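This report concerns only the one structure given below.
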Amino acid sequence: MNGTNVFDILKERGFIQQTTHEEQIRELLGKESVTFYIGFDPTADSMTAGHFLTIIAMAHMQRAGHKPIALLGGGTALIGDPTGKTDMRKMLTQEIINHNAECFKKQFEILIDFDNHKAIMENNANWLLELNYVNFIRDIGVHFSVNRMLTAECFKSRLEKGLSFLEFNYMLMQGYDFLELYKRYGCRLELGGDDQWSNILAGTDLIRRVEGVEAYGMTFTLLTTSEGKKMGKTEAGAVWLDPTKTTPYDFYQYWRNVADADVEKCLALLTFLPMDEVRRLGSLPGEKINEAKKVLAFEITKIVHGEEEALKSQQATEALFGGGGDSEAIPTTEITKEQAAFGINIIDMLVLTALAPSKAEARRLITQGGVVVNDQKVTALDLVISDKDFADSKLIIKKGKKTYHRVRIAE
RNA sequence: GGGGAAAUUCCCGAGUGGCCAAAGGGGGCAGACUGUAAAUCUGUUAGCAACGCUUUCGGUGGUUCGAAUCCACCUUUCCCCA
């Protein structure tokens, strides 16, 4: 191990929230290559910005010479983690979970190097699905105190709302995962989001009781705004890493729009820029802070979607917000020559481009002055857009202040 | 197993036979002010072939000229007792 201890790097960048044994963990990371694990439940077909923070942390660890195990929760996803959920999750089928796991796998590879066994991908379905119930509760269940579990923060809110036995078991499953990874790979460190704290403790306790070995746990800051809201979510849903679910342009825009107060934190947590630079950007005064946001958006988009997409998004942004011009990267809808020749009502156009979910909403937008076509505010509800409105077969519709959409006539 | 309570639009939550597409708040969207920020103020927030029509108050059926509101059954949840 050479260079700065990765523990200090993570700490400086603001990742670390809680640790089981701060000094021992730091020491361990400083002296040997440590095998550690982070679990991901594949409950959707793409990871989100929240997962991304964890992957970045994982990458920092790997770069420092440690060995990550990305544990896909093919088994635990069947149960559903009750942590932070106010209601019971809907159950996912085995098929969907497997599909999701495949999607997750590809996304890990963006930042984690799995070549030459430098990292391991596991799936807890491999051991959880074949567990024998009686054996499990005899061997594992004995080590868990229900009294203690009930006092865990993660169950408290659910005790008011109702918690099924199924979900109550989630903690045991995750604890068991850690034990299993210790046995298979000698893994003694589990990392995760701060909401995973009690689940992680379940694992470290279990290993100590069953194996008599000290295991460690550490949690990362959750990606929240300065107001305490979860980041990575928009009204339209989560910010996905999958470009078909959140286009690189929209992804870029999301980060371009973070609040002033959150820029520095995001730069530290979600990019690999040196901390000196992060601090410099974060302390830019007033309007200048926009520079920091541009860097943030560019860097994150580059990591997730590649430099080319990041550049395209950046150029599109400059063209649109700088006035005039357009770019390939703007979300685009194609219409046929016939449609263009015949003309399309502005209301239908808004629905067609998904800028408005319904015609009523489209009408409302226009009435409130929120629609601009080719730099002209739309005031008439019966405006018809036809081929004369297209320049070079293209036209730009702007919804509100910052949502741009391009319509192109297909060849 | 016994008893009680509840389910309302994106969320919370009012509404106990017509004045209900349903108060209020939150959130969202749009406008003004700005820096693609925050704060603040204003408007808006089921759909449609739109001065009217259609779907919506856990589900299914019923009573009624008329049901989110009454009745029956079902589903789910919570609370108390065991």
Side-chain angles (χ1 to χ4, degrees), chain A residues 82 84-91 155-168 224-231 233-239 249-267 281-298 300-301 313-327 329-331 344-348 350-373 375 377-379 381-382 396-405:
Chain A
K85 303 289 178 305
T86 44
D87 298 304
M88 188 158 130
R89 270 192 194 174
K90 50 178 183 290
M91 299 253 236
F155 291 127
K156 272 191 185 152
S157 60
R158 290 301 299 274
L159 285 176
E160 284 152 30
K161 273 273 188 178
L163 175 71
S164 67
F165 186 67
L166 173 84
E167 292 177 292
F168 192 54
T224 53
T225 66
S226 52
E227 285 149 20
K229 285 190 212 146
K230 264 195 187 169
M231 281 189 81
K233 292 250 195 286
T234 66
E235 315 63 50
V239 176
Y249 174 80
D250 287 331
F251 187 83
Y252 180 96
Q253 283 296 317
Y254 179 82
W255 302 108
R256 177 64 186 78
N257 276 309
V258 298
D260 289 7
D262 300 320
V263 183
E264 187 166 330
K265 180 165 76 182
C266 288
L267 281 166
L281 288 166
S283 58
L284 288 173
E287 199 181 327
K288 292 255 172 56
I289 193 83
N290 279 316
E291 287 309 311
K293 295 186 190 180
K294 284 180 195 166
V295 174
L296 174 71
F298 180 79
I300 302 185
T301 309
S313 303
Q314 190 181 45
Q315 281 156 7
T317 299
E318 276 164 17
L320 292 172
F321 288 89
D326 67 296
S327 159
I330 313 168
I344 300 175
N345 182 276
I346 181 64
I347 291 169
D348 294 317
L350 288 167
V351 174
L352 187 70
T353 53
L355 288 170
S358 68
K359 293 189 183 181
E361 178 72 35
R363 238 172 241 121
R364 215 171 282 139
L365 275 168
I366 297 169
T367 310
Q368 300 191 121
V371 179
V372 173
V373 174
D375 295 324
K377 181 175 278 191
V378 178
T379 49
L381 289 174
D382 53 2
I396 299 282
I397 302 179
K398 184 180 167 196
K399 181 204 129 190
K401 273 191 305 184
K402 37 192 180 188
T403 309
Y404 289 87
H405 197 96

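Note that this is a predicted model, so its numbers are computed, not measured. So you know, we letter chains A, B, ... as the sequences are listed, proteins then strands, and number each from 1.
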Not counting sequence neighbours, which residues clear salt bridge (charged side-chain N to carboxylate O under 4.0 Å, His left out) with D250(A)? List them please. none
What integer number of Å spans the [atom1] atoms of [N] and [M]?
| N | M | atom1 | value |
| --- | --- | --- | --- |
| C79(B) | C70(B) | C1' | 26 Å |
| G4(B) | U9(B) | P | 27 Å |
| A22(B) | G27(B) | P | 23 Å |
| U69(B) | C78(B) | P | 24 Å |
| G62(B) | C51(B) | C1' | 36 Å |
| U77(B) | G59(B) | C1' | 15 Å |
| C41(B) | U8(B) | P | 31 Å |
| G3(B) | C73(B) | P | 13 Å |

Ignoring hydrogens and angles, are the base of U34(B) and the side chain of K401(A) linked by a donor-acceptor pair under 3.5 Å?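 Donor-acceptor pair under 3.5 Å: yes.
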Is any side-chain N or O of E287(A) under 3.5 Å from a base N or O of U34(B), one able to act as donor and the other as acceptor?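 Result: no qualifying N/O pair found.
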[X]: what forms a side chain to side chain contact (heavy atoms under 4.5 Å, CB included) with it, not counting sequence neighbours?
| X | answer |
| --- | --- |
| E291(A) | L284(A), K294(A) |
| E264(A) | V278(A), R279(A) |
| T367(A) | L381(A) |

Expressed as a whole number of angstroms, how long is the span from [X]:[atom1] to [N]:[atom2]?
| X | N | atom1 | atom2 | value |
| --- | --- | --- | --- | --- |
| K288(A) | U34(B) | NZ | P | 19 Å |
| I366(A) | G31(B) | CD1 | P | 13 Å |
| K377(A) | A32(B) | NZ | C1' | 10 Å |
| L296(A) | G35(B) | CG | P | 21 Å |
| K294(A) | G35(B) | NZ | C1' | 10 Å |
| D260(A) | U36(B) | CG | P | 11 Å |
| L381(A) | A49(B) | CG | C1' | 15 Å |
| D250(A) | U36(B) | CG | C1' | 13 Å |

Salt bridge (Lys or Arg N to Asp or Glu O under 4.0 Å) contacts touching residues 351-362 of chain A (sequence neighbours left out): D348(A)-K359(A), E361(A)-R364(A)
Of all residues at least two apart in sequence or in a different chain, which pass the ring pair (Phe, Tyr, Trp, His ring centres under 6.0 Å) check with Y404(A)? F321(A)
With a 4.5 Å heavy-atom cut-off, do [X] and [Y] have their side chains touching?
| X | Y | result |
| --- | --- | --- |
| I300(A) | Y252(A) | no |
| V263(A) | L281(A) | no |
| I396(A) | I330(A) | yes |

Name every residue in residues 353-360 of chain A that has at least one heavy atom under 4.0 Å from any atom of RNA chain B, in order of residue number, or write none if there are no such residues. S358(A), K359(A), A360(A)
How are the rings of W255(A) and F251(A) set relative to one another: parallel (under 30°), tilted (30 to 60°) or perpendicular (over 60°)?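 Ring orientation, 0 to 90° scale: perpendicular.
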Who does [N] pair with, Watson-Crick or G-U, both distances under 3.5 Å?
| N | result |
| --- | --- |
| G1(B) | C81(B) |
| A32(B) | U40(B) |
| U55(B) | none |
| C70(B) | G62(B) |
| U76(B) | A6(B) |

Give a yes/no on whether any side-chain N or O of K293(A) is located under 4.0 angstrom from OP1 or OP2 of A38(B). no
Nearest-nucleotide comparison on RNA chain B, the residue closer to the 5′ end among V351(A) and T403(A): T403(A)
Quick one: on RNA chain B, does D348(A) or K402(A) contact a more 5' nucleotide (nearest heavy atom)? K402(A)
Counterpart residues, side chain to side chain donor-acceptor pair (under 3.5 Å), relative to N290(A) (two or more places apart):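 Expected list: R256(A).
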Produce the list of close N/O pairs, under 3.5 Å, pairing protein atoms with atoms of nucleotides 43-45 of chain B; give distances to one decimal.
{"residue": "G43(B)", "atom": "N2", "partner": "Q368(A)", "partner atom": "OE1", "Å": "3.1"}
{"residue": "G43(B)", "atom": "N2", "partner": "Q368(A)", "partner atom": "NE2", "Å": "3.1"}
{"residue": "G43(B)", "atom": "N3", "partner": "Q368(A)", "partner atom": "OE1", "Å": "3.1"}
{"residue": "U44(B)", "atom": "O4'", "partner": "Q368(A)", "partner atom": "OE1", "Å": "3.3"}

Give the nucleotide from the list A30(B), G35(B), A38(B) with an atom nearest to the side chain of N290(A).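 For the N290(A) side chain, the nearest candidate turns out to be G35(B).
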